[in-house]
Structures are given as C-alpha cells and as structure tokens.
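Everything below concerns the one structure shown next.
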Amino acid sequence: MLKKRIIFTLLYDGGSFILSRNFRLQRVGSLDWLKRNYVFSRITLAIDELIVLDVSKGERNRGAFAECLAALTEECFIPIAAGGGVRSAEDAGRLFASGADKIVVNTALFTLPEEVRKIVSLYGGQAVIASLDAKRSGEVYEIRTENGERLVDGSLAESVRMALSLGVGEIYLYSIDRDGTGQGLDMEMLDFLPPDMPVPLILTGGVGKSPHFLEGLRDSRVDAVATANLFNFVCDGLCRAREELLAEGVDLPCWDGETTESLRNLFKGAN
Amino acid sequence: MGGRRVFVVDYGMGNMRSVLNAFRYLGCEAEATDDPLVVASAPCLVLPGVGSFRKAMETIRSKHLDRAILESVLERGTCLLGICLGMQLLFDFGTEDGGAEGLGLLGGVVERFPAEKMNGLKIPHVGFDSVDFSRREGLFEEMPEDAVFYFVHSYRASPIESGDCSEGICVYGEPFLAAVQRENICGAQFHPEKSQSNGLLLLRNFLRMSERC
C-alpha cells in the first residue's frame, strides 16, 4: 500500500523565501536565514516531499533559483519538486540538473501545452506535477494562472482533464481563497474534481495546524497535503503534527530523525 | 580529513546529484565517473539510473563500462550497489523497449508490472511503500519493521527465492524484488537517497560491507 504524504512548499522570490497570503507575498528571509532560523534539516525530517516554487514577479533569475535549489537539496533525502515559470523542456532540464526529481507546471499547461507534452515525453509523466490555482466563484470554482491574475476558461474538472490529457503524473490543487489563512483546507473543492482521478492528488492552501492535515489525509481522494506556511510550523511544529497524525492512524511513513542525525559524517576519515 | 571513497558510475541517465549528496552526508568522498579504468579499480561502486533498460545498456557498452564493472565485481570482489534502473541492469535480461541483455550478475528477467494482476493499481508504482526483509544482516542490518522507501518504476524483477540471496520484498499487485544482496552484489529498486533514515541506513550497511570486501 502506498503511503500518504506530508509536503512542505517553499516559496522563493528573487533570492528570498516568502510567505503567501492570497498571493500577496511577504518576504521572510534568505536561504542562510532559513537554515539559521528554521533548522531546515529538521523540517525535512518531518516531511515526505519538498516543493520549491519560484514565484518571483517580472524577470526571473533562473540561474540563481537553480543554484538555490541545488543548495537546498544537499541534505534533503526525500523527493524534491521544483517549478515556477517553467515554460520549456530547457527550463525543466535546468531544474532536474539542480536536483529536482519532479517539475511543477502551472501557466504553461494552458499557454504552452506542447512544451508540457515534451517534458512528459522526455522525463516521464511521473516527473511532472500540474499545479492548478482554484478560486471559489458562487457555486463553482474557477482556475486562474499567472499568480491568480488571469482567469482560465472552463470548470475546475475541465482544467484537470486537460492537464491529465497532457500526461502529467500528479495534480497539485491549491485554494487561492484559503491560502495563507491557516483556517483549514477547502475540502468542498474535492467535490468538483472528476470522479476516479487516475493520478495522485496533492491538496494545499489553508493548513494552519495539525487537525487540518488530518481532515485532508483522511479523505480517500487526497494522497498528500501540502503547506507553505513557515510560521505555523516553526521549529518542531511539523514534527509534532506528524506524530499526532501517526497516532491518529494516518498511513504516513515513519522516519527516524535521530538515526539520520547519527549517520552524518559516519565515514569521515575512514579509508 | 578525507573519507571513504565511493565511485558512482555516470553513464548520463539519472539524478547523480542526489546519490552523491547522500554518500557525502555519510562522510564519504563520492565522485561520479565514466572512466572504465577508474571503475575497474574502484574500492566501492554505485550504479544509479533512471530511464530505459535497453538505452542504458547500449550506453554502458559503448563506454566499455560493462566489462569494467564485471572485472571489478567478479575478479576483485568490489561491492556494487545498483539503484533503481541500476539494480535492474544487474539481471540477465530486461524486456523494456524491445528488450536487451543486462550485466548478468543476477539471474532473472526484469519485466513490466503485469496489468492483469494489478487490480486497478496504477503503473508506474510511484511513492513511499513498505518493504519486508528476509534477513536483517549485511545490506539489511537493523532495518526497522515496516520500513518505507521511495519507488518510481514500471518494471521490476521477481523474488529470487534462493538460499544465497537476502531479499527485500514489496507487494504491489503481487510481490516483487525491492532489494537484494548476494555476496558483494547489491541492488535497490527504490531510491535510498530519497528515503530518509531508512535509505541512509541501507547506504551505511553497503559501506560497511565494502569495508570487509
């Protein structure tokens, strides 16, 4: 049986990591700051996957983002997905070369579907995550791209089917309304998905405390829950949330952080 | 300074960086190489890889790495760890992409998950899944109960069920070979470099084994 997953999403903006609240971004700090204040390796011990997204507005410095990604992956022994502004197989290739196992595509799904197909054919569908930003509008959900600014034609289900037709291996479904509120996941959104989703679903937006993870992961339609909120999970916050979820019987992998720590540099000086 | 030297065979297929990172975390001096002379005399070898079996074997043969690996493993007794596609290449034959002969260090054929036995399970098998170990020694020393590892694959080898092999078995539709050790020949269908404490323990065990080789 495949396990469920807890995912942490790091948002990167021009050299700094940030928090998002309904796409209004707040600067938090640099990679050094992150490592100093959040003992980054401790965070990675409490999660099953890391997603790093470049949400810089305007001109992106793709080389700097790739370097930052490579530095992040040095002591991170879980799958890593990266994205933000991926428009071509070349963009994807740069992120794979910097340590990404998967690529996240968003706007390109709608504007450059052939490029997404190309990435899928080069690296396999399992290495491509389609990120969809959904916003409640009356009785339905609409999909938006370009940091929430552009409205996409059609329903949430239609957008999901379109992404699946390109061969993507996972759907990352994000609630614009709940983002940064810490008020819990938008579980109603799940009723608007196509039934019998053929690929795993990652649900995100609104996780503020561990019961929110529980609500998401208990739903059979949800394979993983992601949070991007650094402040809600300072220090041991994520570790404690994970322990509570395991105690509640959620089928997550068991990781042993002490073992990981004890193995550091074990063979240093050995010949 | 310094540390245990590990050579990771680089034939242009797969995430070299994360494999090197994991060995460096353990304090090793890990290097990528595609030089058959280095491979033939390496103290310890890792064969990673993601992609097609046939393409991988073609590349390995064209770079004369196949003979170097066999010389190192069979004549010098070097410990070898194949990861993901790298484990599949240890077998006699792989049916992927029209089929090709492998390195032949382990007997058996690597085939696609049989769709008719999957009961609606998706192929590829992607994610964290549990592995049961037949013996907790050598490569599998101190492996926890219900140890979970990260998998991404559509092809797999079947359990060998031979007395001279230690095996890790995962059930996905039916049991398949998730990890194996026969003397100095080791393989992991999963990614130890993506499996937190469990994966690092397996790499530690591999390095300890290679001390004794």
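These figures come from a predicted structure and were not determined experimentally. All chains are named by letter (A, B, ...) in the order of the sequence lines, taking the proteins before the strands, and each is independently numbered beginning at 1.
- Of the listed residues (B:M16, B:E193, B:R24), the greatest number of heavy-atom pairs within a distance under 4.5 Å of chain A belongs to B:E193.
- For the options A:T259, A:D251, A:T260, heavy-atom pairs under 4.5 Å to chain B are most numerous at A:T260.
- Here the closest non-hydrogen pair linking B:P124 and B:S154 is CB-OG, 3.4 Å.
- Between the side chains of B:Q189 and B:Q88, at least one donor N or O lies within less than 3.5 Å of an accepting N or O.
- Two rings, from B:F151 and B:F190, have their centers less than 6.0 Å apart.
- Here the closest heavy-atom approach between residue B:V148 and residue B:S130 is recorded as CG2-OG, 4.1 Å.
- Residue B:Q196 touches chain A through both its backbone and its side chain, counting heavy-atom pairs closer than 4.5 Å.
- B:F128 touches chain A through backbone and side chain together, each having a heavy atom under 4.5 Å away.
- With a threshold of 4.5 angstrom between heavy atoms, A:I47 approaches chain B through N, CA, C or O but not through any side-chain atom.
- Residue A:A70 touches chain B through both its backbone and its side chain, counting heavy-atom pairs closer than 4.5 Å.
- For A:A97, the part sitting under 4.5 Å from any heavy atom of chain B is the backbone (N, CA, C, O) and nothing else.
- When A:P79, A:P253, A:G99, A:A127 are compared by the number of non-hydrogen pairs under 4.5 Å with chain B, A:P79 comes out ahead.
- Proximity to chain B is absent for every atom of A:D223, based on heavy atoms less than 4.5 angstrom apart.
- Under the 4.5 Å side-chain criterion, counting only non-hydrogen atoms from C-beta, B:L207 is in contact with B:C28.
- Proximity of the aromatic rings of A:F267 and B:F23 is defined here by a centroid distance below 6.0 angstrom, and this criterion is not met.
- The choice from A:L252, A:I80, A:T73, A:I78 that makes the most heavy-atom pairs within less than 4.5 Å of chain B is A:I78.
- At a 4.5 Å heavy-atom cutoff, the contact between B:V171 and chain A is made by backbone atoms alone.
- A:A130 approaches A:V168 most closely through the heavy-atom pair CB-CG2, 3.8 Å.
- Taking A:F77, A:Y123, A:F96 one by one and counting their heavy-atom pairs under 4.5 Å with chain B, the maximum is reached by A:F77.
- For B:V126, the parts lying near chain A are the backbone and the side chain together; criterion is any non-hydrogen pair under 4.5 Å.
- Interface remark: B:Y25 contributes backbone and side-chain atoms alike to the contact with chain A (heavy atom separation under 4.5 Å).
- Under the 6.0 Å cut-off for aromatic ring centres, B:H153 and B:Y172 do not qualify, their centroids lying 6.0 Å or more apart.
- If you check the side chains of A:Y174 and A:T9, you find no donor sitting under 3.5 Å from an acceptor.
- The six-membered or imidazole ring of B:F53 lies away from that of B:Y155, with a centre-to-centre distance of 6.0 Å or more.
- If you measure heavy-atom distances from B:H125 to chain A, the contacts under 4.5 Å come from the side chain alone.
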